[in-house]
Amino acid sequence: MKPRINLDDGITTEEYQAMASRWDEMLSLAEEIIWQCYLNPNSEDIMSEVDSFPDIRYLTGNYYVGDVSYGYIHRDKRHQPYNIKNGRLRHKYHNGKEWVEEWLPLDSPEVTRYYRILLCLRLTGDGRGKEDDYMGLDLIAEFEKLNDLLEFEILSHNVI
């Protein structure tokens, strides 16, 4: 099954091709995370209680990539995310009482643009005697230069 590919606005063909050319590396890193965090019986991420999620007993070890997204993220020196809105950089957050917006110009030296790859994986399980989707696993990598070392972090996992 081929994944759906999403490109953020502004990603050039050359940038997309440079990131997509690292596909085998991405899959290898994803498989390492799947093993370390979800299939390794000694993992601290696996819950041992009955009816917990994810339950290692149901995972088959198989997965596929449902979606992959290539784009940018802008971050300030505190690593707070900014998006582009109305020709400027905006950081929006909730302070407990209301939404607050911080604005900077696009060329602000306070903000660095990072490339971002988001892999949306689907891990299969065998809960009813047949293999089927069991768990979604979203991995994210952010890097400053196209040839930087890739490191994925778990963004989320959820029930499918």
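All values derive from a computational prediction rather than experimental measurement.
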Original post:
Hey, does Ile33 have a side-chain heavy atom less than 4.5 Å from the side chain of Leu139?
Top reply: yes

**OP:** Could you check whether the rings of Tyr134 and Tyr58 sit parallel, tilted or perpendicular, using 30° and 60° as the cut-offs?
**Re:** tilted

**OP:** Kindly write out the residues that satisfy salt bridge (Lys or Arg N to Asp or Glu O under 4.0 Å) with Asp148, not counting sequence neighbours, or none if the list is empty.
**Re:** none

Original post:
Taking only residues two or more places apart in sequence, or in another chain, which ones meet Glu25 in a side chain to side chain donor-acceptor pair (under 3.5 Å)?
Top reply: Arg22

Original post:
Counting heavy atoms not belonging to Asp9, are there more than 12 under 6.0 Å from its CG?
Top reply: no

Original post:
Would you call Ser108 and His74 a side-chain contact if the rule is heavy atoms closer than 4.5 Å?
Top reply: no

**OP:** List the steps and the verdict of salt bridge (Lys or Arg N to Asp or Glu O under 4.0 Å) for Asp67 and Arg4.
**Re:** CA-CA 5 Å; Asp67 296 276; Arg4 286 182 298 261; 2.7 Å; yes

Subject >> ILVMFWY network linking Trp35 to Leu137, side-chain heavy atoms under 4.5 angstrom >> reply: yes

Subject >> Any residue meeting salt bridge (Lys or Arg N to Asp or Glu O under 4.0 Å) with Glu153, in chain and number order, not counting sequence neighbours >> reply: none

Original post:
Given side chains that start at C-beta, do those of Arg78 and Glu110 come closer than 4.5 Å, heavy atoms only?
Top reply: no

Subject >> Between CG on residue Leu7 and OG1 on residue Thr13, distance to nearest 0.5 Å >> reply: 8.5 Å

**OP:** Salt-bridge test for Glu144 and Arg116: reply yes if a basic N is under 4.0 Å from a carboxylate O, no otherwise.
**Re:** no

Original post:
Do His157 and Asp138 come within less than 4.5 Å of each other through their side chains, counting heavy atoms only?
Top reply: no

**OP:** Not counting sequence neighbours, which residues clear salt bridge (Lys or Arg N to Asp or Glu O under 4.0 Å) with Glu15? List them please.
**Re:** Arg113

Original post:
Which value, rounded to the nearest 0.5 Å, describes the distance between Ser69 atom OG and Ile5 atom CD1?
Top reply: 10.5 Å

**OP:** Please round to the nearest 0.5 Å and tell me the distance separating atom CG of Asn62 and atom CG of Asp133.
**Re:** 11.0 Å

**OP:** Could you identify which residues cluster with Leu104, counting Ile, Leu, Val, Met, Phe, Trp and Tyr as linked when any side-chain heavy atoms lie under 4.5 Å apart, either directly or through a chain of such contacts?
**Re:** Tyr82, Ile84, Leu89, Leu106, Val111

Original post:
Same hydrophobic cluster for Ile154 and Leu39, using side-chain heavy-atom links shorter than 4.5 Å among ILVMFWY?
Top reply: yes

**OP:** Apply salt bridge (Lys or Arg N to Asp or Glu O under 4.0 Å) to Glu98 and Lys92, showing your working.
**Re:** CA-CA 10 Å; Glu98 61 188 355; Lys92 185 175 180 180; over 6 Å; no

Subject >> Test side chain to side chain contact (heavy atoms under 4.5 Å, CB included) applied to Phe152 and Glu32, step by step >> reply: CA-CA 10 Å; Phe152 281 101; Glu32 187 175 316; over 6 Å; no

**OP:** Could you pull out all residues at least two apart from Tyr115 that satisfy ring-ring contact (aromatic ring centres under 6.0 Å, His included)?
**Re:** Tyr72, Phe143

Original post:
Quick check: does any side chain N or O of His91 sit under 3.5 Å from a backbone N or O of Pro81, one acting as donor and the other as acceptor?
Top reply: yes

Original post:
Okay, side chain of Thr60, backbone of Thr124: is any donor-acceptor separation there less than 3.5 Å?
Top reply: yes

Original post:
Could you walk me through whether Ile140 and Ile117 pass the side chain to side chain contact (heavy atoms under 4.5 Å, CB included) check?
Top reply: CA-CA 6 Å; Ile140 190 166; Ile117 299 173; over 6 Å; no

Subject >> Nearest heavy atoms of Leu121 and Ala30, plus distance in Å >> reply: CD1-CB, 3.9 Å

Subject >> Pairwise distance CD(Glu101) to NZ(Lys85) - rounded to 0.5 angstrom >> reply: 6.5 Å

**OP:** Name all residues meeting the ring-ring contact (aromatic ring centres under 6.0 Å, His included) criterion together with Tyr64; count only those two or more places apart in sequence or in a different chain, and write none if there are none.
**Re:** none

Original post:
Under the 4.5 Å side-chain heavy-atom rule for ILVMFWY, direct or indirect, which residues accompany Tyr93?
Top reply: Val100

Subject >> Joint cluster assignment, Val159 & Leu59, ILVMFWY side-chain distance < 4.5 Å >> reply: yes

**OP:** Find the distance between CG (Asp132) and CZ (Arg122) and round it off to the nearest 0.5 Å.
**Re:** 12.5 Å

Original post:
Can you tell if the side chain of Lys77 reaches within under 4.5 Å of the side chain of Thr112, non-hydrogen atoms only?
Top reply: no

**OP:** Could I get the full list of salt bridge (Lys or Arg N to Asp or Glu O under 4.0 Å) partners for Asp126, not counting sequence neighbours?
**Re:** none

Original post:
How would you list, by chain and number, every residue that makes a side chain to side chain contact (heavy atoms under 4.5 Å, CB included) with Glu151, sequence neighbours excluded?
Top reply: Leu149

Original post:
Apart from Tyr114 itself, what residues make up its hydrophobic cluster when side-chain heavy atoms of I, L, V, M, F, W and Y under 4.5 Å apart count as a link, directly or indirectly?
Top reply: Ile73

**OP:** Not counting sequence neighbours, which residues clear side chain to side chain contact (heavy atoms under 4.5 Å, CB included) with Trp23? List them please.
**Re:** Pro3, Met26, Leu27, Val65, Val68, Tyr70, Leu119

**OP:** Please step through side chain to side chain contact (heavy atoms under 4.5 Å, CB included) for the pair Met19 and Ile11, ending with a clear verdict.
**Re:** CA-CA 11 Å; Met19 288 188 276; Ile11 289 289; 4.0 Å; yes

